[in-house]
Amino acid sequence: MKHIPFITVEGPIGVGKTTLSKQISEHFQYNILREIVDENPFLGKFYEDINEWSFQTEMFFLCNRYKQLEDINKNFLSNHQPVVADYHIFKNLIFAQRSLQPNQYAKYLNIYDILTEDMPVPNMVIYLHASLDTLLARIKKRGREIEKNISPVYLEQLLTDYHLFMKEFQLKHPDVKVLEFNGDELDFVKNESDLKAIINQIQEHLPKGVKAK
């Protein structure tokens, strides 16, 4: 299924993953997969006390993302229907490694490997990143109650984690195209030209012969 577009948009909290995924979906007429966030009953407690609620939070996300990918594979990719997602399941490792204790992470990694061994792999990853100030401003602007207690220190650590992980990902998966965009320099919400530039790069790297509908 390598010729069927499966695009994932990734990056830290508040960088604009869902917004860009929706714009890509609308432009190319692809099915969209949205991350489950607000339904996690542990997330609010996690932001208040990371050490106490990290394992429950990460396990909920892992199980739900596994189920989502399973459904996407069954209902769309297996039927040759393109998909764009506002997350990649690898993000579980970024967040889990940051928040779990070493013994918890070892157990978590075993479960992750079992669940994802036969899951569909994207053929394009769009990596969005931005400065801490930009992320904090966007998180404040969207005003989600569940995110009001996010620590700037925790968010800054995630920025570093993402940069390191993406470098490693590109080395391990040279067959997956990674497009990187700086959210401080591009505003694909307000500036049509910025969105067009991103869309053009995506089109350029789609499997040969695949066009927008």
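Heavy-atom basis, side chains included; hydrogens, waters and symmetry copies ignored. Just so you know, residue 1 is the first one in the sequence shown, and it goes up from there.
At a threshold of 4.0 Å, the pair K74-E70 does not count as salt-bridged, since none of the basic side-chain nitrogens sits closer than that to a carboxylate oxygen. Comment: K140 does not engage E147 in a salt bridge, judged by the lack of any side-chain N to carboxylate O separation of less than 4.0 angstrom. Checked for salt-bridge contact, E35 and R65 meet the test: a charged N lies under 4.0 Å from a carboxylate O.
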Take Y87 and T18, measure what side chain to side chain contact (heavy atoms under 4.5 Å, CB included) needs, and give me the verdict at the end. CA-CA 8 Å; Y87 73 91; T18 300; over 6 Å; no
Check the pair F169, V178 against side chain to side chain contact (heavy atoms under 4.5 Å, CB included), reporting the backbone distance first and the verdict last. CA-CA 9 Å; F169 178 85; V178 176; 4.0 Å; yes
Evaluation steps, side chain to side chain contact (heavy atoms under 4.5 Å, CB included), between F90 and Y112: CA-CA 9 Å; F90 71 47; Y112 175 92; 4.0 Å; yes
Test salt bridge (Lys or Arg N to Asp or Glu O under 4.0 Å) on K67 and D71 and set out the steps. CA-CA 6 Å; K67 176 58 177 172; D71 291 343; 3.2 Å; yes
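With respect to Y127, the side chain to side chain donor-acceptor pair (under 3.5 Å) criterion is satisfied by exactly one of E10, K17, H163: H163.
L159 contributes atom CG, which lies 5.0 Å from atom CG of L135 (distance to the nearest 0.5 angstrom).
Transitive grouping of hydrophobic side chains (ILVMFWY, heavy atoms separated by less than 4.5 Å) keeps V15 and L164 in distinct clusters.
Contact of the I202 side chain with the H27 side chain is not registered, since no non-hydrogen atoms from C-beta on lie closer than 4.5 Å. Two residues are said to be in side-chain contact when any heavy atoms from C-beta on lie closer than 4.5 Å; Q68 and L33 meet this criterion.
A cation-pi geometry, defined here as NZ or CZ lying under 6.0 Å from the six-membered ring centre and within 45° of its normal, does not hold between R98 and Y154.
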